[in-house]
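As the structure is a prediction and not an experimental result, all values here were calculated from the model. When a ligand or atom number is given, it counts from 1 through the structure's own listing order. These values consider heavy atoms only, across backbone and side chains, with no hydrogens, waters or symmetry-generated copies.
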Amino acid sequence: MAVPTIREILKKGSPDKGVAARGWIKTRRDSKTHSFAELNDGSCRESLQVIFSPENGDFASVLPALVTGAAVEILGDLVASPGAGQKIELAAKQVKIYGGCDPEKYPIQKKKTSDEFLRTVAHLRPRTNKYAAMLRVRSELAFAVHSYFRDNGFTYVHTPIFTASDCEGAGQMFTATAFDLTKLAGIPKNEAGEIDFSKDLFGKKVGMTVSGQMEGEALALALGKIYTFGPTFRAENSNTYRHCSEFWQIEPEMAFYELADDMDLAEDFIKSITKSVLEKCPSDIELFAKFVEPALMDNLRNILENKFERLPYAEAVKILEPVNDRFEVKVKWGVDLASEHERFLVEQHFKKPVMLHNKPKEVAAFYMKLEDDGRTVRGMDVLVPRIGEIIGASERENRLEVLEARMRDLKMKVEDYQWFLDLRRFGSVPHSGFGMGFERMMMLITGISNIRDVTAFPRVPGYAEF
Ligand code: 4AD
Ligand code: MG
C-alpha cells in the first residue's frame with residue numbers, strides 16, 4: 001500500500017489519525033519517559049519527528065533497533081507538535097522494521113564526514129542531507145531546463161550517443177567497439193596491421209559522442225529551434241574540480257539566430273533556470289547556503305541581477321596583459337585563455353558573469369563562423385564565478401566554401417563530413433547554438449565546489465566505481 005511521503009505529510013501539516021510514514025531513521029534520542037526519532041524518506045530535506053510515549057504502547061523491545069540508518073514504517077497519529085521547528089509530529093503506535101542497520105558498521109553517521117570520504121561510499125551518500133538535497137535540486141534543475149525550452153517554442157530532440165562525428169576535434173572521443181578487446185588475437189587487422197573497423201559492428205570506427213551539436217544542427221535546420229539534453233563523453237585526462245569523463249550537456253540549436261541572439265538566449269536561460277530552482281527548492285538551497293557555500297545567495301543574486309558583460313577577446317587581452325605577473329600562462333593576442341584568466345575577469349575585474357566572444361580562429365572549433373575581420377570567430381563562452389566556463393557557444397559557419405576551406409586548413413577529412421556540409425548546400429541559413437555543462441550549472445546553483453559531488457556516481461579519470 002502506498003503511504004504519503006514525508007513531504008506530503010509536512011506540507012499538509014494538520015493532525016490526523018492512523019497515518020503511516022516510511023523512511024530511514026536519522027537519529028534517535030531517549031528521555032526518561034519518551035523517545036524521539038527523526039524519520040526521513042528523502043522526499044524533502046525536513047524529517048518527521050516521531051514520538052514514542054508510554055501511553056501509546058510499550059516500545060522497549062523495538063527501540064534498540066531504531067538506530068541511524070534503519071528502515072522502518074511507523075503507524076500512529078499526527079499530532080500538533082509542542083516543539084519549535086515543526087508543526088506536527090507523529091505519535092507512534094506501531095513500528096515495523098524493514099531493515100536494521102549496524103551502527104558500528106554503517107558509514108553514514110550524523111557527525112560531519114568529508115566529501116572525499118563520502119565519494120568512497122557513493123552508494124550510501126544520498127542518505128546524507130547534503131547529497132539528498134543535491135539530487136533533488138538536480139532533478140528540479142533538469143525539469144527547469146525542459147520547461148524553459150518548451151515554454152519558448154523549442155522541440156526536444158534526441159541525438160545519438162554512438163557517432164562517428166567528432167564535433168570538438170581529435171583526441172577526446174572514447175572509441176566504442178563490439179570487438180572483444182580481451183582477445184586481441186581475434187580482432188581483424190588490415191594490411192597495414194591496424195584494427196580493421198570495417199569489420200566492426202557499425203562497419204566503421206565509431207565513438208561515444210562529445211556533443212550532440214552536429215546532429216542538432218541538422219534537426220534545427222528542419223524544425224527551427226531544438227535542444228538536446230543528454231550524456232556526453234570526453235576521454236581527455238583532465239583531473240580537475242570541473243571536468244568529468246561523462247557529463248550531461250544541454251544543447252539548443254536555432255535556425256536564423258546570429259551570435260548576438262545566441263548570447264541573449266544563453267543569458268536569459270541561465271537566469272530563468274536559476275530563478276526556477278530557487279523557487280522550487282528553497283529549503284535545499286538554504287542548506288547549501290548554510291553548510292556548503294556561505295556566499296551562495298550573494299553569488300546567485302549576482303547572476304540574477306546583473307546584465308552579463310559582453311566582452312570581445314581583444315578587450316579581454318587588454319585587461320589581462322597588464323596583470324600578466326599573476327598568471328602561470330602569460331596572455332597576449334592569440335593565447336587561448338585558461339581558467340585562471342577567465343576567473344580573473346569574472347571574479348576580480350567585472351565581478352559578474354562575462355560572455356567572452358570573438359576569440360582568434362586559431363584557438364576556435366572548426367564550425368564557428370569566421371568573422372568579417374578574418375581573424376576571429378563568432379564564438380562565445382559564458383564565464384561565471386568560481387567555475388569559469390559554463391557555456392560554449394557559437395554562430396555556425398553556414399557558408400559552404402568557407403567551411404570547406406577551414407576544414408581543409410585543419411587537415412580534417414572533408415569526405416567524412418559530407419552530410420554536415422549538405423546542411424550548407426541545401427537551404428543553408430545563419431544558425432547558432434550553445435552547449436551548457438549540466439554539472440557545471442549544478443555547481444553554480446548549489447555552491448558545491450567539486451564536480452564529483454554534483455552527480456550521484458561520477459566518472460572521472462581513474463575512477464568509475466559503482
Ligand atoms: O565548450 P564545449 O566543448 O562545446 C561543445 O561541445 C559545443 N559543441 C557545444 C555546442 O555549441 N552545442 O562544451 C560545452 C560545455 C562547456 O562549456 C562546459 O560547461 C561543459 O560543456 N563541459 C564539461 N563539463 C564537465 N566535464 C567536462 N569534461 C566538460 N567539457 C565541457
Ligand atoms: Mg568550450
S.K.: So, Arg301 and Asp298, do they make that salt bridge, N to O below 4.0 Å?
M.R.: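 Between Asp298 and Arg301 there is a salt bridge, with a charged N closer than 4.0 Å to a carboxylate O.
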
S.K.: Under 4.0 Å from any heavy atom of Tyr367, which atoms of ligand 1 are there?
M.R.: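 What qualifies from ligand 1 is 7 (C), 8 (N).
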
S.K.: Looking at ligand 1, is there an atom of it that comes within less than 4.0 Å of some heavy atom belonging to Gln249?
M.R.: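 For ligand 1, residue contact (heavy atoms, under 4.0 Å) with Gln249 is present.
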
S.K.: Looking at Arg242, which atoms of ligand 1 are within less than 4.0 Å of one of its heavy atoms?
M.R.: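 Numbered from 1, ligand 1 contributes 25 (C), 26 (N).
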
S.K.: Would you give the length of the straight line joining atom CD1 of Ile6 to atom CG of Leu48, rounded to the nearest 0.5 angstrom?
M.R.: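 Result: 5.0 Å between the selected atoms.
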
S.K.: May I ask you to identify the nearest protein heavy atom to atom 17 (O) of ligand 1, giving residue, atom name and distance to one decimal place in Å?
M.R.: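 Here the closest protein heavy atom is Glu389 OE2, 2.6 Å.
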
S.K.: Within the structure, is a non-hydrogen atom of Phe438 found at a distance of less than 4.0 Å from ligand 1?
M.R.: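 So Phe438 does not count as touching ligand 1.
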
S.K.: If you take the nearest heavy atom of each of Gln213, Arg234, Arg396, which one is closest to atom 6 (O) of ligand 1?
M.R.: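 Selected option, by shortest heavy-atom distance: Arg234.
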
S.K.: Geometry only, no angles: is Ile390 polar-contacting ligand 1 at N/O separations under 3.5 Å?
M.R.: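 Among all N and O atoms of Ile390, at least one is under 3.5 Å from an N or O of ligand 1.
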
S.K.: Tell me whether Lys11 is salt-bridged to Glu8, with the criterion being a basic N under 4.0 Å from an acidic carboxylate O.
M.R.: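 Salt bridge flag = no for Glu8 with Lys11.
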
S.K.: Which heavy atom of the protein is the closest neighbour of atom 15 (C) of ligand 1, given with residue, atom name and distance?
M.R.: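 Its nearest protein heavy-atom neighbour is Gly435 O, 3.4 Å.
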
S.K.: If you measure every N or O of Cys167 against every N or O of ligand 1, does any of those distances drop under 3.5 Å?
M.R.: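 Checking ligand 1 against Cys167, no N or O pair falls under 3.5 Å apart.
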
S.K.: Among all protein heavy atoms, pick out the one at the shortest distance from atom 20 (C) of ligand 1; state its residue, atom name and that distance to 0.1 Å.
M.R.: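 The closest heavy atom on the protein side is Gly437 CA, 3.6 Å.
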
S.K.: Any chance the rings of Phe149 and Tyr227 have centres within less than 6.0 Å?
M.R.: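 Between Phe149 and Tyr227, the centre distance is under 6.0 Å.
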
S.K.: Between Glu371 and Asn358, does any side-chain donor sit less than 3.5 Å from a side-chain acceptor?
M.R.: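 Glu371 vs Asn358: donor-acceptor pair found between side chains.
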
S.K.: May I ask you to list the atoms of ligand 1 that are less than 4.0 angstrom from any heavy atom of Ile451?
M.R.: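 Under 4.0 Å from Ile451, ligand 1 has these atoms: 25 (C).
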
S.K.: Is it true that Tyr148 and Phe154 have ring centroids separated by less than 6.0 Å?
M.R.: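 Judged by ring-centre distance (under 6.0 Å), Tyr148 and Phe154 do not meet the cut-off.
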
S.K.: Would you say the side-chain atoms of Lys351 pair up with the backbone N or O of Gln348, donor to acceptor, closer than 3.5 Å?
M.R.: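 Such a contact is found between Lys351 side chain and Gln348 backbone.
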
S.K.: Considering all heavy atoms of both residues, which atom of Tyr417 and which atom of Asp166 are nearest to each other, and what is their separation?
M.R.: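 Residues Tyr417 and Asp166, closest heavy atoms: OH-O, 3.9 Å.
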
S.K.: Run the side-chain contact (heavy atoms from CB on, under 4.5 Å) check on Leu421 and Glu404 step by step: do they pass?
M.R.: CA-CA 8 Å; Leu421 294 170; Glu404 272 181 335; 3.9 Å; yes

S.K.: Using distance alone, determine whether Phe247 and ligand 1 share an N or O pair under 3.5 Å.
M.R.: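 No; every N/O pair is 3.5 Å or more apart.
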
S.K.: Going by the atom numbers of ligand 1, which of them fall below 4.0 Å from some non-hydrogen atom of Glu236?
M.R.: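 Listed by number with element: 28 (N).
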
S.K.: Any N/O/S atom of Glu389 sitting less than 2.8 Å from the Mg ion (ligand 2), backbone or side chain?
M.R.: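 Yes.
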
S.K.: Heavy-atom distances under 4.0 Å decide this one: backbone, side chain, both or neither, for His243 against ligand 1?
M.R.: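 His243 to ligand 1: contacts from backbone and side chain alike.
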
S.K.: May I ask you to list the atoms of ligand 1 that are less than 4.0 angstrom from any heavy atom of Cys244?
M.R.: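 Listed by number with element, the hits are 25 (C), 26 (N), 27 (C), 28 (N).
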
S.K.: Looking at ligand 1, does any of its N/O atoms fall within less than 3.5 Å of an N/O of Val210?
M.R.: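 It does not: no N or O of Val210 is found under 3.5 Å from an N or O of ligand 1.
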
S.K.: Which protein non-hydrogen atom lies closest to atom 5 (C) of ligand 1, naming both residue and atom, and how far is it?
M.R.: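 So the nearest neighbour among protein heavy atoms is Glu168 OE2, 3.3 Å.
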
S.K.: So which protein heavy atom does atom 18 (C) of ligand 1 come closest to, and at what separation?
M.R.: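 Of the protein heavy atoms, Arg440 NH1, 3.6 Å lies nearest.
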
S.K.: With a 6.0 Å cut-off (strictly less than), is the heavy-atom count around CD of Gln418, excluding the residue itself, greater than 12?
M.R.: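 Yes, because the 6.0 Å sphere around CD of Gln418 holds more than 12 heavy atoms from other groups.
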
S.K.: Could you find the nearest protein heavy atom to atom 12 (N) of ligand 1 and give me its residue, atom name and distance?
M.R.: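 Ranked first by proximity to atom 12 (N) of ligand 1 is Glu251 OE2, 2.7 Å.
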
S.K.: Does Arg424 make a cation-pi contact with Phe420, if we ask for NZ or CZ under 6.0 Å from the ring centre and within 45° of the axis?
M.R.: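 Geometry flag: set, cation within 6.0 Å and 45°.
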
S.K.: Would you name the heavy atoms of Pro461 and Glu236 that are closest together and state the gap between them?
M.R.: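 Here Pro461 and Glu236 meet closest at CG-O, 4.1 Å.
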
S.K.: For Asp262, which of Met355, Glu395, Glu253, Met254 qualifies under side chain to side chain contact (heavy atoms under 4.5 Å, CB included)?
M.R.: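 That would be Met254; it is the only one of Met355, Glu395, Glu253, Met254 passing the side chain to side chain contact (heavy atoms under 4.5 Å, CB included) with Asp262.
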
S.K.: Where on Thr232 is there a heavy atom closer than 4.0 Å to ligand 1, on the side chain, on the backbone, on both, or on neither?
M.R.: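 Looking at Thr232 and ligand 1, no heavy atom falls under 4.0 Å.
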
S.K.: Quick one: which ligand 1 atoms are inside 4.0 Å of a heavy atom on Ile391?
M.R.: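 Close to Ile391: 17 (O).
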
S.K.: Would you mind checking if Asp409 and Arg406 are paired as a salt bridge, meaning a charged N to carboxylate O distance below 4.0 Å?
M.R.: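 Salt bridge absent between Arg406 and Asp409.
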
S.K.: With the threshold set at under 4.0 angstrom, would you say Asp381 reaches ligand 1 through any of its heavy atoms?
M.R.: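 No.
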
